[in-house]
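Below: the structure, in structure tokens.
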Amino acid sequence: MEKNMYDLVIVGGGPAGLSAGIYAMRAAMNAVLVEKGMPGGQVALTKDVENYPGIEEVGGFELCEKFLNHAKRYNLEIRENEVARVEPGVDFHEVVLTDGTRLDTHAVILAAGGSARKLGVPGEMEQYGKGVSYCATCDGFFFRGKTVVVVGGGDTALEDALYLSKICKKVYLVHRREEFRGSRILQQRVFAEPRITLVLSSVLTNIAGNDQGVTGVTVQHVESGETRDIDTDGVFIFVGFRPNNMLVPAGVKMNAAGYVVTDEKCETSLPGIFAVGDLRQKYANQIVLAAADGCVAALAAAHFVEARKAQAGRK
Ligand code: NAP
């Protein structure tokens, strides 16, 4: 079985992981980044990014390419492979890939991000890919000139409702409260968009469809209990996401919502294991914060590895 020894293994290739890779290479670490799919993470699925400082407007995919090319410029090794588990050790940690390869490493940066939360209503799974979607940038095009329902009240729901309103004939925005959680500027744009119809204090209770796809939804008012059917061709669900914490080894402290708890260096409760980006408990999840986490963790990991090596040399 293939065995390798690294200073640092980065698990995940979104902005946090790639930023960690850039900083690790600049710190002359022997680092590898493992990513099971295409590098870029959730941002690659985002249409436009308008809040990355210094870049006024950029496509999500294009921004990911910039991160990736930047990391490649420093010759960061990138393995397209899936991590099966992370085994913490005393002298070094092991990252085991699904093909059996074992990567021995002094430090690990967990950068696996998060994924879309499901609503859990009847019809959601049955119609997934046939009208139910969790990504407007990926699937919006299929609903050109049609009617869609968007569920949620955060930044993603508002941003993607606006995006869909440019493509679709009509967008119903269903939210369970009267107030939106999303930012003021997005709210103002949503209120000003005539193609968006707000359905507030309402929850989706059913998604109806047939072999051809989604045909409608049922919404229920949370106070009156009244239900109402809405004809629609698609349903876009943006009700938050869960951290991808399946690879977080036992012994690493997580909060009740499953986010990894770290110190200011992004180091977890296990020495030499760091967590960054959407996986880490913090005030907000933003690309700029994910990139910042990657920087902090790589600098701290470099320091950790140096100290480890110096200690080993003294033994
Ligand atoms: P979020 O902020 O957690 O919002 C989730 C929304 O879904 C909330 O409005 C919530 O309602 C609603 N919701 C949750 N569970 C629900 C359920 N079972 N039924 C109905 N509604 C439900 O998630 P997000 O919008 O994906 O954003 C995640 C993070 O990314 C945030 O920090 C956000 O600021 C950031 N983000 C930023 C940008 C940007 O700045 N360009 C773009 C996208 C995302 P309640 O409000 O009632 O809880």
Side-chain angles (χ1 to χ4, degrees), residues 14-16 40-64 113-125 132-138 140 149-165 171-191 196 198-207 217-223 227 230 235-244 255-259 276-293:
Q42 296 168 87
V43 183
L45 307 177
T46 305
K47 188 181 169 283
D48 293 316
V49 178
E50 297 176 5
N51 54 11
Y52 196 82
I55 305 179
E56 287 169 29
E57 194 176 347
V58 64
F61 189 79
E62 196 189 334
L63 182 59
C64 292
S115 38
R117 189 183 285 153
K118 311 289 177 285
L119 262 186
V121 296
E124 183 177 10
M125 284 301 110
V132 172
S133 170
Y134 303 90
C135 175
T137 323
C138 321
V149 166
V150 169
V151 187
D155 279 332
T156 307
L158 300 184
E159 206 171 72
D160 288 4
L162 285 164
Y163 171 65
L164 290 164
S165 72
V171 177
Y172 289 96
L173 179 55
V174 179
H175 179 42
R176 64 183 176 184
R177 290 188 296 134
E178 284 294 308
E179 293 83 33
F180 288 110
R181 179 183 293 271
S183 63
R184 268 293 159 78
I185 186 162
L186 288 175
Q187 289 190 36
Q188 283 164 359
R189 288 185 200 164
V190 163
F191 298 151
I196 297 178
L198 302 181
V199 184
L200 300 178
S201 294
S202 300
V203 290
L204 208 87
T205 55
N206 186 55
I207 299 173
V217 296
T218 306
V219 292
Q220 181 171 37
H221 196 271
V222 291
E223 274 148 31
T227 61
I230 299 173
V235 184
F236 286 84
I237 298 166
F238 306 116
V239 293
F241 63 85
R242 291 180 200 284
N244 288 333
N255 69 11
Y259 288 87
V276 293
D278 288 359
L279 178 60
R280 183 174 89 85
Q281 174 188 296
K282 57 183 183 306
Y283 178 67
N285 290 340
Q286 293 288 304
I287 306 167
V288 65
L289 296 179
D293 278 3

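Every number for a ligand or one of its atoms is a count from 1 in the order of the listing.
Counting heavy atoms under 4.0 Å from ligand 1, residue Phe180 does not touch it at all. At a 4.0 Å heavy-atom cut-off, ligand 1 does not touch Glu50 at all.
Taking every heavy atom of both residues into account, Ala291 and Tyr52 meet most closely at CB-OH, 3.7 Å. Residue Val150 comes nearest to Ala157 through the heavy atom pair CG1-O, 3.8 Å, listed as atom of the first residue, atom of the second, then distance. The two atoms that bring Phe180 and Gly152 nearest to each other are CE2-O, 4.2 Å, heavy atoms only. Nearest approach of Ile237 to Glu124, heavy atoms of both residues: CD1-OE2, 3.4 Å.
Remark: minimum distance from atom 38 (C) of ligand 1 to any protein heavy atom is reached at Asp155 CB, 3.7 Å. Residue, atom and distance of the protein heavy atom nearest to atom 41 (N) of ligand 1 are Glu159 OE2, 2.7 Å. Nearest protein neighbour of atom 28 (C) of ligand 1, counting heavy atoms only, is Phe241 CE2, 3.6 Å. The protein heavy atom nearest to atom 39 (C) of ligand 1 is Asn51 ND2, 3.3 Å. With respect to atom 19 (N) of ligand 1, the closest heavy atom belonging to the protein is Leu119 CD2, 3.4 Å. Protein heavy atom at the shortest distance from atom 3 (O) of ligand 1 is Gly240 CA, 4.0 Å. At the top of the distance list for atom 7 (O) of ligand 1, counting protein heavy atoms only, stands Val239 CA, 3.1 Å.
Shown in contact with Arg177 at under 4.0 Å from a heavy atom are these atoms of ligand 1, numbered in order with element: 45 (P), 46 (O), 47 (O). Ligand-side atoms of ligand 1 in range of Gly154: 4 (O), 6 (C), 8 (C), 9 (O), 25 (O), range being under 4.0 angstrom from any heavy atom.
Counting heavy atoms from C-beta outward, Phe191 and Leu198 have side chains that approach closer than 4.5 Å. Contact check for Arg181 versus His175: no side-chain heavy atoms found under the 4.5 Å cut-off. Looking at heavy atoms from C-beta onward, Asp160 lies out of side-chain contact with Phe236 at the 4.5 angstrom threshold.
Other residues, nucleotides and ligands place no more than 12 heavy atoms under 6.0 Å from the CZ atom of Arg242.
Look at Val203 and you'll find every heavy atom at least 4.0 Å from all atoms of ligand 1.
The option from Gln286, Arg176, Glu179 that lies nearest to atom 15 (N) of ligand 1, judged by heavy atoms, is Arg176. Nearest-residue assignment for atom 27 (O) of ligand 1 (options Val49, Thr156, Leu158, Asn285; heavy-atom criterion): Thr156. Which of Lys282, Arg181, Arg117 comes nearest to atom 48 (O) of ligand 1 through a heavy atom is settled by distance: it is Arg181.
Not one N or O of Gly152 is nearer than 3.5 Å to an N or O of ligand 1, by distance alone. An N or O contact shorter than 3.5 Å links Gly153 to ligand 1 by distance.
For Arg189, the side-chain contact (heavy atoms from CB on, under 4.5 Å) partners at least two apart in sequence or on another chain are Glu50, Leu162, Ile185, Leu186.
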Val49 vs Ile55, side-chain contact (heavy atoms from CB on, under 4.5 Å): CA-CA, chis, key distance, verdict:
CA-CA 9 Å; Val49 178; Ile55 305 179; over 6 Å; no
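Sorted by first and then second residue, the side chain to side chain donor-acceptor pair (under 3.5 Å) pairs with a member in residues 276-293 read Gln42-Asp278, Asn51-Gln286, Asn255-Gln281, Thr262-Arg280, Arg280-Asp293, Lys282-Asn285; sequence neighbours excluded.
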